[in-house]
Colleague: 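The structure follows.
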Amino acid sequence: MSGEPLPRSFYARDAQTVAPDLLGYVLETRSRGRVTAGRIVEVEAYVGPHDPAAHGFGNRRTQRNDALFGPPGFFYVYFTYGMHWCANAVTRSDGFPSAVLIRALEPLDGLAAMRRRRGVQSDRLLCAGPARLCQALAITGTYNKEWLDGDRVRVTGPRVSPDEIVVGPRIGISKATDWPLRFGVSGSPFLSRAF
DNA sequence: GGTAGGATAAGCT
DNA sequence: GCTTATCCTACCA
């Protein structure tokens with residue numbers, strides 16, 4: 001099931017380059033011995049201090065966004081809307097705030113645990129959204145600043161290369177809404193929204 | 001099928 | 001006090 005984790009060097013590139021390359025790889029977590037995993041089918045890039053929609057805009061480093069400024073290959077997990085967690089892969093270089101938000105997975109492994117945590121009827125909705133997949137994979141703030149090649153969380157191969165990658169504007173933001181930085185696997189039924 | 005409103009808390013002005 | 005990288009439910013068509 002679990003392949004080799006991607007090397008940290010994979011993440012040491014621009015977020016908009018890493019983002020589409022992540023499609024098709026598997027995100028896997030281990031929580032109290034239970035493994036859950038899903039194939040990445042939707043991502044968004046947050047490209048740097050010049051990106052008005054990104055938490056690192058203007059290079060303002062705070063306690064909340066500190067992991068975003070960390071080294072490539074870090075996991076950046078933040079809390080939002082008073083009840084939701086979202087998960088990112090930190091990219092580029094240490095000290096430069098950029099990351100790829102994981103927006104949707106195709107559930108692969110640990111479906112029973114996912115259904116229990118999510119409490120939804122349809123498997124299509126288990127991981128179809130950044131906060132939904134965190135709930136399904138039990139990702140919370142304790143995962144912040146983990147390495148993405150570790151035992152608690154990893155991104156692994158082998159990659160199932162998408163036949164086609166589609167691009168569009170990012171979701172849930174109010175600035176730079178026309179930047180084409182959302183990437184998805186064309187036609188996947190597990191997207192958070194159609195492109 | 002679609003959309004409006006509420007939940008709920010940290011961070012910023 | 002307002003915004004937020006969201007999701008769920010209720011309601012209307």
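Scope of the values below: all heavy atoms of this structure, side chains included, with no hydrogens, waters or symmetry mates. The sequence lines fix the lettering, A, B, ..., with proteins before strands; numbering per chain opens at 1.
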Colleague: Would you say the side-chain atoms of A:Arg39 pair up with the backbone N or O of A:Pro107, donor to acceptor, closer than 3.5 Å?
Modeller: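 Flag not set: sc A:Arg39 to bb A:Pro107 has no pair under 3.5 Å.
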Colleague: Which listed nucleotide (C:dA5, C:dC8, B:dA7) is nearest to the side chain of A:Val120?
Modeller: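 The listed nucleotide nearest to A:Val120's side chain is C:dC8.
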Colleague: Take A:Ser174 and A:Gln135, find for each the nucleotide of DNA chain C with the closest heavy atom, and name the residue whose nucleotide sits nearer the 5' end.
Modeller: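 The residue closer to the strand's 5' end, by nearest nucleotide, is A:Ser174.
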Colleague: Looking for any heavy atom pair under 4.0 Å, which part of the strands does A:Arg103 touch: base, sugar-phosphate only, or nothing?
Modeller: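 Sugar-phosphate, no base atom in range.
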Colleague: Output the rounded distance in Å from OH (A:Tyr81) to C1' (B:dA9).
Modeller: 13 Å
Colleague: Do the charged groups of A:Asp151 and A:Arg30 touch, with an N to O distance under 4.0 Å?
Modeller: no
Colleague: Is A:Tyr46 stacked on the base of C:dA5, meaning ring centres closer than 5.5 Å and planes within 30 degrees of each other?
Modeller: yes
Colleague: Taking the side chain of A:Ala131 as heavy atoms from C-beta outward, which of B:dG11, B:dT8, C:dC7 is closest to it?
Modeller: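 Closest of the options to the side chain of A:Ala131: C:dC7.
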Colleague: For C:dA5, take OP1 and OP2 only and decide whether either is under 4.0 Å from a side-chain N or O of A:His55.
Modeller: yes
Colleague: What is the separation between atom NE2 on A:His84 and atom P on B:dA9, rounded to the nearest whole Å?
Modeller: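 Result: 12 Å.
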Colleague: On the 0 to 90° scale, with breaks at 30° and 60°, tag the A:His84-A:Tyr81 ring pair as parallel, tilted or perpendicular.
Modeller: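 It falls in the perpendicular class, over 60°.
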Colleague: Please tell me whether A:Tyr76 and A:Phe74 form a close aromatic pair, meaning their ring centres lie under 6.0 Å apart.
Modeller: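 So the answer is no for these two rings.
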Colleague: Mind calculating the distance between CD (A:Gln63) and C1' (B:dC12) to the nearest angstrom?
Modeller: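 To the nearest whole Å, that distance equals 15 Å.
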Colleague: Compare the minimum distances between each of B:dA9, C:dC7, C:dA5 and the side chain of A:Tyr78, then state the nucleotide with the smallest one.
Modeller: C:dA5
Colleague: What are the two closest heavy atoms between A:Phe195 and A:Gly184, and how far apart are they?
Modeller: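 The pair with the smallest heavy-atom distance is CZ-N, 3.4 Å.
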Colleague: Please state how far atom CZ in A:Arg60 lies from atom C1' in B:dG11, giving the value in whole angstrom units.
Modeller: 11 Å
Colleague: Please work out if A:Arg132 contacts a base, only the sugar-phosphate, or nothing of the nucleic acid, heavy-atom cut-off 4.0 Å.
Modeller: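 Here A:Arg132 touches the backbone only, sparing every base.
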Colleague: Would you indicate which nucleotide in C:dC8, B:dA7, C:dT4 comes nearest to any side-chain atom of A:Arg118?
Modeller: C:dC8
Colleague: What's the NZ-C1' distance between A:Lys175 and B:dC12, to the nearest Å?
Modeller: 11 Å
Colleague: At what distance, to the nearest 0.5 angstrom, does CG of A:Leu108 lie from SG of A:Cys127?
Modeller: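 A:Leu108 atom CG to A:Cys127 atom SG measures 9.0 Å (nearest 0.5 Å).
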Colleague: Measure from NZ or CZ of A:Arg13 to the centre of the six-membered ring of A:Phe10 and say whether it is under 6.0 Å with the direction within 45° of the ring axis.
Modeller: yes
Colleague: Between A:Phe79 (CZ) and C:dA5 (C1'), how many Å, whole number?
Modeller: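 It works out to 14 Å between those atoms.
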Colleague: Rounded to whole Å, how long is the line connecting atom CG of A:Asn65 with atom C1' of B:dC12?
Modeller: 12 Å
Colleague: Does a side chain donor of either A:Arg92 or A:Ser98 reach within less than 3.5 Å of an acceptor in the other side chain?
Modeller: no
Colleague: Looking across every strand, which nucleic acid part, if any, lies under 4.0 Å from A:Ile173 by heavy atom: base, sugar-phosphate, or nothing?
Modeller: sugar-phosphate
Colleague: Rounded to whole Å, please give me the gap between CD in A:Glu44 and C1' in C:dT6.
Modeller: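 Distance check: A:Glu44 CD to C:dT6 C1' gives 12 Å.
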Colleague: Could you run through DNA chain B and flag its stems, i.e. three or more consecutive Watson-Crick or G-U pairs with both distances under 3.5 Å?
Modeller: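 If one scans DNA chain B for consecutive Watson-Crick or G-U pairs, the stems found are B:1-7 with C:6-12, B:9-12 with C:1-4.
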